[in-house]
There are 2 protein chains.
Amino acid sequence: MARTTGSDGEKTEAAVREAAAGLIARYGYEAMSMRRLAAEVGVQAAALYRYFPTKEDLLFTLMREHMEGLIAAWEMARPASAGPEARLAAYVRNHIAFHIERRHSTHVSNMELRSLSHDRLTRILRMRTAYEKELRAILRDGAEAGVFSIEDTGLTAMALIQMMTGVIVWFRPGERLSVAEVTATYLSMTMRLVGARIDIGIPTAPRVPADAQRAL
Amino acid sequence: MARTTGSDGEKTEAAVREAAAGLIARYGYEAMSMRRLAAEVGVQAAALYRYFPTKEDLLFTLMREHMEGLIAAWEMARPASAGPEARLAAYVRNHIAFHIERRHSTHVSNMELRSLSHDRLTRILRMRTAYEKELRAILRDGAEAGVFSIEDTGLTAMALIQMMTGVIVWFRPGERLSVAEVTATYLSMTMRLVGARIDIGIPTAPRVPADAQRAL
DNA sequence: ACGATAATAAAACAAACGTTCAATTAATTC
DNA sequence: GAATTAATTGAACGTTTGTTTTATTATCGT
């Protein structure tokens, strides 16, 4: 009734993170009890407190690492120097790929913000704002360069992000559409939405050519 | 310690509904206790059970009435016979207006589905699907008539709905933009997104003419 | 082989939860 | 004005919650 054979702190902590993201995504933060989480990991509830002082610490860790991962992914994917269209395309591709790959933590980071304390909420929102600022900069540059037609940069950025993040609500891998197909379609919807004239770079998608593309 | 002067069943029930929508939207269904809700209404927790047998019944009632209201609003707003552009414009206007007006119940209906029992979840999703089907029909008609350029009808419908519903996440009345301005901008973003050539009907918005509208 | 430490189990805590029940008073009906 | 019904209170029930404490065992460095 104590330490079990083969137990390893790092592995347990990783298992807790993953199980927590899954359970919170499915049932919600408040609905997930520490005992249920412990059972999912195959451990007693008290063991969780060796890795996370409180339940909220666990939630905050998941969110912080999600946002850090998102920003890091964008910094890797960001083109060093390119036109607004190419930068926007890179942003869309990175955003959709990241959010589909990390569905659970995306759900957590988007739906459970209200369960954070004021300070921690502020810190997460700061990261989010920094990430969204990148998109606004791209849109502004494109509008000033005359390659985009945008009425309101901030509003367009929010609309695009909501649209893209919404993928995780209905997308299930292995159903009608592949990730590449979804990404390609969202890319052309984005380009049309911002008023870009040409559909730059859909090279990754071996997709059936669109039946009606006259507007471009 | 019993019936209070001036107490009225109908008024209390309405107050419970409204307070519940607000509390659930702010703190989440699981985080809202029946005692907290009762305190908000100015009543004891036991009194709530005169109107709603269980907490989940209350949640389901809020969601069902939200969806019924949304569908009813669309049936009122739907043009009897008009082209796809006008029908799409009506859909967008109705959707945004309804969701901004009923921010709280929208939040509830979108975020708390997982707290419903299987049967009730099915019933709510059925209503939602019926509502979304209207949009898909408009998009399909427009694509077939050649006035829209759409790659994937279902995917475009989901993208539009996510984009429009997302308004409630950041929009706060009385800030930078008015409802009319937001609606007008979303309308033209929608029209561009579906590849419509002309921007039919933005007559309701006394907006500063967009600085860059070259694509239309 | 052994001491130190890492990892866990088991039991317990007070607090909060949804819900029920009997008692009590206001409003309505006849 | 008495009888009936509507609306609510206050107290209580058994569970479940997040968390703490203490004891116990596995692992690792030496």
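Quick note on labels: first sequence line is chain A, next is B, and so on, each numbered from 1. FYI, side chains are in, hydrogens and waters are out, and symmetry mates aren't considered; it's all heavy atoms of this structure. Here the structure is a predicted model, which means the values were calculated and not measured.
In this entry the distance linking CG of A:L48 with C1' of C:dA10 reads 15 Å, nearest Å. The interatomic distance linking B:K55 (NZ) with C:dG18 (P) rounds to 4 Å, in whole Å. As rounded to whole Å, 18 Å separates atom C1' of D:dT17 from atom OH of A:Y27. Whole-Å rounding puts the B:L37 CG to C:dC17 C1' distance at 14 Å.
A salt bridge is defined here as a Lys NZ or Arg NE, NH1 or NH2 lying under 4.0 Å from an Asp or Glu carboxylate O, and B:D57 with B:R120 meets this definition. Salt bridge status for A:R114 with B:E112: present, with a side-chain N to carboxylate O gap under 4.0 Å.
Between A:W74 and A:Y91, the ring planes lie perpendicular to each other; the angle is over 60°, past the 30° to 60° tilted range. Ring geometry for B:H95 against B:Y131 counts as parallel: the plane angle stays under 30°, on a 0 to 90° scale with 60° as the upper cut.
Look at B:T12 and you won't find any side-chain N or O under 4.0 angstrom from OP1 or OP2 of D:dA7. Dashed line: the shortest gap from a side-chain N or O of A:S33 to OP1 or OP2 of D:dT16 is not under 4.0 Å. In this structure, B:Y51 does not reach the D:dA6 phosphate: none of its side-chain N or O atoms is under 4.0 Å from OP1 or OP2. Close to D:dG10, at under 4.0 Å from its OP1 or OP2, lies a side-chain N or O of B:Q44.
Nearest-nucleotide assignment on DNA chain C puts the 5′-proximal partner with A:A46, out of B:M34 and A:A46.
In the set C:dA9, C:dC17, D:dT8, the nucleotide with an atom closest to the side chain of A:V43 is C:dA9. Closest contact between the side chain of B:Y49 and the listed nucleotides C:dA6, C:dT20, C:dC17 involves C:dT20.
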